[in-house]
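Note that the numbering runs from 1 along the sequence shown for the chain. We use all heavy atoms of the structure for the numbers below, so side chains are in, but hydrogens, waters and symmetry mates are not.
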Amino acid sequence: MIRRARPNAGRVSPPRWLTITALVAAVATHHGVREGCWRDRGAATDGTVVTWNLRNFTAADHDVAAMAATLAEVDAPIVAVEEVLDAEALATMLPGRRVLLSQHGGARDQRLGLAIADHVELLEGPREHRELELGGRVRPAVEFLLREGDTRLRVVVVHLKATPRGLPQRRLQWAALAQVIARAAASGDHDAIVVIGDFNVTGDDDLSADDERAALSSVLARVGLRAVVPAAGCSAYWDGRRRDAWLEPSLLDLAFVGGAVAAAPSLEPLGACARHGCAPLRSTDAYPDRDLAGTSDHCPMLLRWRPP
């Protein structure tokens with residue numbers, strides 16, 4: 001299943017964004033959130049988190065050995081996953097990890113959550129924020145409080161509404177997500193926060209994908225989060241307008257951070273995105289790309305940081 005999101009040029013109308021910005025600012029003020037005011041609760045440890053949209057994962061439809069090898073090579077203690085249809089198959093693919101998924105996954109039952117290593121302690125979660133479901137059509141956000149070493153890390157995994165036509169729904173999800181982050185920041189029970197996953201920032205006929213990312217970053221900055229600029233400009237491949245054997249890169253999977261993570265984070269695409277340098281690639285049934293065939297049209301994205 002290749003995502004048919006298309007990046008289009010255009011500009012956003014300011015009044016529509018003022019409404020969301022005003023709402024986010026009000027939520028942030030109500031919860032006592034200001035940029036840079038995450039509570040410093042002690043020493044932070046080096047950290048890594050991977051996010052990977054697994055493209056409607058079931059063991060029957062995927063090359064489980066190849067996917068397991070990819071994650072084993074990275075060996076991140078925290079792996080965020082999206083589009084999981086078979087939780088048991090995922091747990092079997094990742095022995096030695098605790099798989100924690102949402103109970104809800106929208107109309108297509110695409111569940112999302114984390115797979116964590118044994119040494120990562122689960123303090124809270126998974127907590128589903130169903131306000132992002134928009135009446136049950138799409139996925140919730142899922143929130144966790146973890147402890148790895150001396151660091152208490154709050155992780156929120158998202159999978160927002162897809163396609164250019166879904167932009168109005170994504171705008172509503174941004175506002176709901178900002179409220180989730182504001183409440184989390186006000187709790188003061190963690191050193192850092194990571195919001196990560198498939199944000200589906202495709203733009204639409206009037207807004208480019210770049211401008212949508214900028215608008216999303218502005219909304220989340222109001223609640224103290226900073227966008228992590230990826231090392232390369234893609235996280236997935238789609239079949240493009242021509243619908244031929246050439247696949248085109250797009251950037252859909254993002255990370256936002258706050259607190260101890262915000263000092264020096266990096267976001268690095270892996271798999272086909274790294275091997276092809278985010279250039280278009282050719283993949284056919286006869287000659288499939290080795291990183292995409294049997295796995296996902298998304299690439300794993302590796303978030304790394306060092307303590308400030």
Side-chain angles (χ1 to χ4, degrees), residues 1-9 50-58 61-71 73-74 76 79-85 93 108 110 112 139 157-167 170 196-204 207-213 216 227-255 266-303:
M1 179 184 298
I2 299 296
R3 188 176 302 276
R4 290 176 168 79
R6 56 188 181 90
N8 294 302
V50 163
T51 183
W52 198 2
N53 181 319
L54 300 180
R55 195 201 58 174
N56 291 318
F57 176 81
T58 65
D61 297 331
H62 289 73
D63 186 339
V64 172
M67 298 175 78
T70 296
L71 292 175
E73 183 177 357
V74 179
V79 178
V81 290
E82 302 87 43
E83 289 198 21
V84 178
L85 303 184
M93 186 179 82
R108 297 182 180 180
Q110 296 170 322
L112 65 162
R139 284 77 41 180
V157 185
V158 303
H159 182 190
L160 302 189
K161 175 68 176 175
T163 77
R165 290 192 301 175
L167 179 56
R170 289 197 295 278
I196 199 165
D198 184 355
F199 285 82
N200 272 314
V201 280
T202 61
D204 67 1
L207 185 73
S208 72
D210 287 343
D211 284 344
E212 182 180 344
R213 280 190 294 275
L216 168 61
V228 184
V229 178
C234 74
S235 70
Y237 278 93
W238 61 294
D239 57 7
R241 295 181 181 89
R242 295 176 301 181
R243 307 289 171 85
D244 57 9
W246 284 93
L247 304 181
E248 298 180 12
S250 61
L251 179 57
L252 304 177
D253 307 86
L254 305 172
S266 64
L267 186 62
E268 175 187 356
L270 307 174
C273 297
R275 188 161 59 84
H276 295 278
C278 286
L281 66 86
R282 182 176 172 82
S283 182
T284 65
D285 290 342
Y287 300 99
D289 182 89
R290 70 185 189 216
D291 291 312
L292 297 177
T295 60
S296 175
D297 51 343
H298 287 248
C299 303
M301 298 290 284
L302 174 62
L303 173 68

K.L.:
Determine the minimum heavy-atom distance between Thr202 and Arg170, stating which atoms define it.
P.N.:
OG1-NH2, 3.2 Å
K.L.:
What is the distance from atom NE2 of His159 to atom CG of Leu112, rounded to the nearest 0.5 Å?
P.N.:
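Nearest 0.5 Å value for the NE2-CG distance: 8.0 Å.
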K.L.:
Evaluate the pair Cys278, Cys273 and indicate whether the two SG atoms are within a distance below 2.5 Å.
P.N.:
no
K.L.:
If you define the side chain from C-beta out and look only at heavy atoms, does anything of Gln110 sit under 4.5 Å from Asn56?
P.N.:
yes
K.L.:
Is the shortest side-chain heavy-atom distance between Leu247 and Leu292 below 4.5 Å?
P.N.:
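In contact.
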K.L.:
Would you please name every residue forming a salt bridge (Lys or Arg N to Asp or Glu O under 4.0 Å) with Arg275, sequence neighbours left out?
P.N.:
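By the salt bridge (Lys or Arg N to Asp or Glu O under 4.0 Å) rule, Arg275 matches Asp289, Asp291.
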K.L.:
Taking all heavy atoms of Val79 and all of Ala76, pick out the closest pair and write down the distance.
P.N.:
CG2-O, 3.9 Å
K.L.:
Quick one: does any side-chain atom of Thr284 pair with a main-chain N or O of Ala245 as donor and acceptor, under 3.5 Å?
P.N.:
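No.
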K.L.:
Check whether His62 reaches the backbone of Gly294 with its side chain - one donor and one acceptor, N or O, closer than 3.5 Å.
P.N.:
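Pair absent, no side-chain N/O of His62 close to backbone of Gly294.
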K.L.:
Is the shortest heavy-atom distance from the side chain of Pro249 to the side chain of Pro280 under 4.5 Å?
P.N.:
yes
K.L.:
Checking His276 now: which residues fulfil ring pair (Phe, Tyr, Trp, His ring centres under 6.0 Å) with it, not counting sequence neighbours?
P.N.:
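Testing His276 for ring pair (Phe, Tyr, Trp, His ring centres under 6.0 Å), a comparison that skips the adjacent residues, returns none.
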K.L.:
Can you check whether Val158 reaches Phe199 side chain to side chain, under 4.5 Å on heavy atoms?
P.N.:
yes
K.L.:
Between Thr51 and Glu82, is there a side-chain donor-acceptor contact under 3.5 Å, judged purely by atom types and distance?
P.N.:
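Yes, because at least one side-chain N or O of Glu82 sits under 3.5 Å from a partner of the opposite role on Thr51.
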K.L.:
Side chains of Leu270 and Cys299: does their closest heavy-atom pair fall under 4.5 Å?
P.N.:
no
K.L.:
Would you check if Val81 and Phe57 make a side-chain contact, meaning some heavy-atom pair closer than 4.5 Å?
P.N.:
no
K.L.:
For the side chain of Arg139 and the backbone of Leu160, is there at least one donor-acceptor N/O pair under 3.5 Å apart?
P.N.:
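Yes; at least one donor-acceptor contact below 3.5 Å.
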